[in-house]
Amino acid sequence: MLSRALPRRPEARRMLVGTLLSAIGRGLTLPFLFIYLTDVRGLTDTRAGLVIGWYGVVTLALSPVGGTLIDRFGARRILLSGLVIEAVGTGSLALVDSSASAFGVMTLVAMGSSVIWPGQNTILASLTDADERQRIFGLNFALLNLGIGVGGLTSGAIVDTTRAVTFQAIYVLDAISYLMPALILLTLPHVGRRLTTGPAGDRTSSGGYLTVLRDRPFRRLVIFGLVLTTCGYAQIEVGFTAYAVRVAEVTPRVVAWALAGNTVMIVLSQLLVLRRMEGRSRTGGLAVVGAVFAIAWLVLGAGGVVGPSNALVAALCVVACSAIFGFGETLLSPVMPALTNALATDALRGRYNAMSSMIFGISGVIGPVTAGPLLGAANGRIWVVAVVSGCLVSSLIALSLRRLLTPAQDGRTPATPPATEPAPVQA
């Protein structure tokens, strides 16, 4: 299964190695930003939530610009710039000592993040044929989570809220990790060039974002993604962590083990899921994702109910929630980018991928800002009801998307690979 999932071109394989290396650094810090800002740097819960929400605002504002730059100048230049900016911003988190500095540093981090994901997805799409993209995006996600899991286990054994230096160390290591994919990309001089032959400054040939927004199936896909990520991914750094520590009353180390459970689930099941999904409806798979995420939050809610009286059961519920959530991710990770790029054209591929990444920016604003008040009401029960309901609504939206797609776009028939691959254009 692994051999089948690997991309045909060696350049794509090397890009996947970069994903793994940078993900290890990301895993060092992913579950601890809220705890770091509040318990180590002394910010209030509200201010910490606003800082994380501000990251989403800036990412959202800059993502459209990043997509346009990728289409005009090629993903290579933009991705390299984003990785360097992200490295500087992430390393600077080690120096945060106030709300003002936290806002400033998160602005820098968001500037890099706004172009990294659309840039990487655009490059992977350009290096793969249509018939292998779903597998490649799934494998990319599995490697991403493998790295995050390794980093999470490492930081779980290191961090101590009474010693700020332990958090500073993991943020510096995270910064170094972002330079790894940049170095790999520098060894691939012909990768990431512009995909179309028009002038770099031509705005009329592709139609821009207006053309993307007129794409009705893609609009529906974006709505699905917004609902799902707001009630799913956007809750990981704030909602999941805060509920686990404060309501279920588990330790930060249990949260780190929960991320390990998430990683184990993804690594063990991703290749099998990719094989089982071939030739099946992508929209049906997206609907299952919403249901699986809802089940995960219900399990976490159960941990909050028993947490004060049974620490072991609470810990098991937290870990189980993360593992179940991981299974849903194995369904989502190959389908969402593959469907995005099935709807995109080469002239607008950067913009399509940028709008897809904007989903996480929007949910990154709504999720952290709303999680705090919801967690404070009725001992977190209102938060559980809200995220479970949202995930189920996203399943209904996914089912409504199927009638707007062709069988090939929905994955129900094999995609026909192009006869020839377009030659890269020197920017």
Worksheet entry | Short N-O contact, R282 and D410, less than 4.0 angstrom | no
Item to complete: Please check if the side chain of D71 supplies one atom and the backbone of R351 the other of a donor-acceptor pair under 3.5 Å.
Response: yes
Fill in: Partner set under side-chain contact (heavy atoms from CB on, under 4.5 Å) for P334, not counting sequence neighbours
Q134, Q270, L274, M277
Worksheet item: With side chains defined as the heavy atoms from C-beta onward, is the minimum distance between V51 and S99 less than 4.5 Å?
Response: no
Item to complete: Start with the C-alpha gap between L16 and L20, add the side-chain angles, then the distance that decides, and say whether side chain to side chain contact (heavy atoms under 4.5 Å, CB included) holds.
Response: CA-CA 6 Å; L16 292 177; L20 175 61; over 6 Å; no
Item to complete: Please confirm whether the backbone N or O of R246 pairs with a side-chain atom of E249, one donor and one acceptor, at under 3.5 Å?
Response: no
Practice prompt. Supply the atom-to-atom distance S155 OG to L173 CG, rounded to the nearest 0.5 angstrom.
Written response: 10.0 Å
Practice prompt. Could you check if a side-chain atom of M355 sits within less than 4.5 angstrom of a side-chain atom of P64, using non-hydrogen atoms only?
Written response: no
Worksheet item: Is the shortest heavy-atom distance from the side chain of Y209 to the side chain of L348 under 4.5 Å?
Response: no
Worksheet item: How about F218: does its CZ atom have over 12 heavy atoms from other parts shown lying under 6.0 Å from it?
Response: yes
Fill in: Taking every non-hydrogen atom, the tightest pair across I266 and G326
CG1-O, 3.5 Å
Worksheet item: Going by heavy atoms in the side chains, are L221 and L286 under 4.5 Å from each other?
Response: yes
Fill in: Heavy-atom side-chain proximity of T230 to I359 below 4.5 angstrom
no
Discussion item. The test is side chain to side chain contact (heavy atoms under 4.5 Å, CB included); show your working for L50 and F103 and say whether it passes.
Written reply: CA-CA 9 Å; L50 289 174; F103 275 107; 4.2 Å; yes
Item to complete: Grab the two heavy atoms, one from G119 and one from L79, that are nearest each other, plus how far apart they are.
Response: C-CD2, 4.4 Å
Discussion item. Treating R403 as the side-chain partner and L399 as the backbone partner, does any N or O pair qualify as donor plus acceptor under 3.5 Å?
Written reply: no
Practice prompt. For residues P189 and R193, report the shortest heavy-atom separation together with the two atoms involved.
Written response: O-NH2, 2.8 Å
Practice prompt. Starting at CG of L271, measure out to CZ of R276 and round the result to the nearest 0.5 Å.
Written response: 14.5 Å
Worksheet entry | All ring-ring contact (aromatic ring centres under 6.0 Å, His included) counterparts of Y36, not counting sequence neighbours | F167, Y171
Worksheet entry | Flag for D174-T29: side-chain donor and acceptor within less than 3.5 Å | yes
Worksheet item: Can you tell me if S395 uses its side chain to pair, donor with acceptor, with the backbone of A291 under 3.5 Å?
Response: yes
Worksheet entry | Heavy-atom donor-acceptor pair, S114 side chain to M111 backbone, under 3.5 Å | yes
Worksheet item: Sub-3.5 Å donor-acceptor pair from the side chain of S63 to the main-chain atoms of L60, do we have one?
Response: no
Practice prompt. Report the residue from I123, T122, I70 that forms a side-chain contact (heavy atoms from CB on, under 4.5 Å) with N353.
Written response: T122
Worksheet item: Is there a donor-acceptor pair closer than 3.5 Å between any side-chain N or O of N310 and the backbone N or O of V313?
Response: yes
Worksheet, complete the sentence: Per side-chain contact (heavy atoms from CB on, under 4.5 Å), M180 is matched among I24, L21, L83, L185 by L21
Worksheet item: For the atom pair CZ (R220) and CG (L343), what is the distance rounded to the nearest 0.5 Å?
Response: 12.5 Å
Practice prompt. Give a yes or no answer on whether the side chain of E278 reaches the backbone of R275 with a donor-acceptor pair at less than 3.5 Å.
Written response: no
Worksheet item: Judged by atom type as modelled, is there a donor-acceptor pair below 3.5 Å linking the side chain of R14 to the main-chain atoms of P10?
Response: no
Worksheet item: Among side-chain atoms of T283 and S281, is any donor-acceptor pair under 3.5 angstrom?
Response: yes
Worksheet item: Can Q120 and N140 be counted as having a side-chain donor-acceptor contact under 3.5 angstrom?
Response: no
Worksheet, complete the sentence: Tightest non-hydrogen contact, residues A48 and T38, listed as CB-CG2, 3.5 Å
Discussion item. Are there over 12 heavy-atom neighbours, none belonging to R163, within less than 6.0 Å of that residue's CZ?
Written reply: no
Worksheet entry | Heavy-atom pair of closest approach, residues G367 and A234 | CA-CB, 4.0 Å
Worksheet item: Do R26 and L144 have side chains that get closer than 4.5 Å, going by heavy atoms?
Response: no
Worksheet item: So do the side chains of L228 and L332 get within less than 4.5 Å of each other, counting heavy atoms only?
Response: yes
Worksheet, complete the sentence: To the nearest 0.5 Å, atom OH of Y243 lies from atom CH2 of W383 at 7.5 Å
Worksheet entry | Atom CZ of R47 with >12 non-hydrogen neighbours under 6.0 angstrom | no
Practice prompt. Could you check Y352 against D215 for side chain to side chain contact (heavy atoms under 4.5 Å, CB included), going step by step and ending with a plain yes or no?
Written response: CA-CA 10 Å; Y352 269 87; D215 188 337; 2.7 Å; yes
Worksheet entry | Any V318 side-chain heavy atom under 4.5 Å of L300 side chain | yes
Item to complete: Given salt bridge (charged side-chain N to carboxylate O under 4.0 Å, His left out), test D160 with R253 step by step and report yes or no.
Response: CA-CA 10 Å; D160 183 347; R253 185 160 296 181; over 6 Å; no
Discussion item. Once you measure the plane-to-plane angle for W297 and F240, does it fall in the parallel (<30°), tilted (30-60°) or perpendicular (>60°) bin?
Written reply: tilted
Item to complete: Go through the steps for N341 and F137 under the test side chain to side chain contact (heavy atoms under 4.5 Å, CB included), then give the verdict.
Response: CA-CA 11 Å; N341 283 277; F137 284 124; 3.7 Å; yes
Worksheet entry | L331 side, atom CG; F293 side, atom CZ - distance, nearest 0.5 Å | 8.5 Å
Discussion item. Evaluate E329 against Y233 for side-chain hydrogen bond (donor to acceptor under 3.5 Å, both in side chains), listing each step before the verdict.
Written reply: CA-CA 10 Å; E329 291 178 275; Y233 282 104; 3.2 Å; yes
Response to the item:
To the nearest 0.5 Å, atom CD of E11 lies from atom OG of S126 at 9.5 Å
For a quick test of your reading: what N or O donor-acceptor pairs under 3.5 Å do the side chains of residues 86-98 make, sequence neighbours left out?
{"from": "E86", "atom 1": "OE1", "to": "S113", "atom 2": "N", "distance (Å)": "3.0"}
{"from": "E86", "atom 1": "OE1", "to": "S113", "atom 2": "OG", "distance (Å)": "2.8"}
{"from": "E86", "atom 1": "OE2", "to": "S113", "atom 2": "OG", "distance (Å)": "3.1"}
{"from": "E86", "atom 1": "OE2", "to": "Y178", "atom 2": "OH", "distance (Å)": "3.4"}
{"from": "T90", "atom 1": "OG1", "to": "E86", "atom 2": "O", "distance (Å)": "2.9"}
{"from": "S92", "atom 1": "OG", "to": "V88", "atom 2": "O", "distance (Å)": "2.8"}
{"from": "D97", "atom 1": "OD1", "to": "S101", "atom 2": "OG", "distance (Å)": "3.4"}
{"from": "S98", "atom 1": "OG", "to": "S101", "atom 2": "N", "distance (Å)": "3.3"}
{"from": "S98", "atom 1": "OG", "to": "S101", "atom 2": "OG", "distance (Å)": "3.2"}

Item to complete: Of all the heavy-atom pairs spanning A296 and C321, show the shortest one and how long it is.
Response: O-SG, 3.3 Å
